[in-house]
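Everything on this sheet refers to the single structure shown next.
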Amino acid sequence: MKLRTAVTMVETEYGWVLLDEVAGGFFSLNPSGVLAVRTMLDGGGIVEAVAAITDRYAVDVATARVDVEELLGELAAAKLVTR
């Protein structure tokens with residue numbers, strides 16, 4: 001996964017967001033979302049993102065996988081990332 005050209009990931013006083021500098025939109029990320037996005041931006045895939053989440057949080061693999069896939073779908077629909 002890669003961020004689109006005009007998209008940056010920034011920390012705010014309220015947490016992390018993906019900011020589209022051209023369209024002006026943003027997408028807020030919760031802590032597990034930040035972990036998933038960072039893992040995938042560093043070259044990992046869904047499997048690695050799920051493993052990172054289940055290693056850090058008390059969540060089962062099936063739930064984490066559904067959440068990561070949903071997050072990816074939302075980011076792609078918002079045109080913030082490419083797969």
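The figures that follow rest on heavy atoms only: side chains count, while hydrogens, waters and symmetry mates do not.
- With contacts defined as side-chain heavy-atom distances shorter than 4.5 Å, the pair L71/L29 qualifies.
- The hydrophobic cluster containing I53 also contains V61, counting ILVMFWY residues as joined when their side-chain heavy atoms lie under 4.5 angstrom apart, directly or transitively.
- Smallest separation of non-hydrogen atoms from A6 and V22: CB-CG2, 3.2 Å.
- Sequence neighbours left out, the pairs with a member in residues 8-23 that pass side chain to side chain donor-acceptor pair (under 3.5 Å) are T8-E21.
- Identified under the side chain to side chain donor-acceptor pair (under 3.5 Å) test for residues 25-34, with sequence neighbours left out: N30-S32.
- With rounding to the nearest 0.5 angstrom, the CG atom of L3 is 8.5 Å from the CG atom of L75.
- If you take CG on L80 and CE on M1, they are separated by 9.5 Å, rounding to the nearest 0.5 Å.
- Between V68 and A49, the shortest heavy-atom distance links the atoms CG1-CB, 4.1 Å.
- The shortest side-chain heavy-atom distance between V81 and V7 does not fall under the 4.5 Å cut-off.
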Distance-only check: which donor-acceptor pairs under 3.5 Å involve side-chain atoms of residues 36-43, not counting sequence neighbours?
| unit_1 | atom_1 | unit_2 | atom_2 | d |
| --- | --- | --- | --- | --- |
| T39 | OG1 | L35 | O | 2.8 |

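- Among residues at least two apart or in separate chains, side chain to side chain donor-acceptor pair (under 3.5 Å) pairs with a member in residues 43-66 are D60-T63, R65-E69.
- Applying the salt bridge (charged side-chain N to carboxylate O under 4.0 Å, His left out) test to pairs two or more places apart or on separate chains, none has a residue in residues 72-83.
- Chaining together hydrophobic side chains whose heavy atoms lie under 4.5 Å apart places L19 alongside V10, V17, F26.
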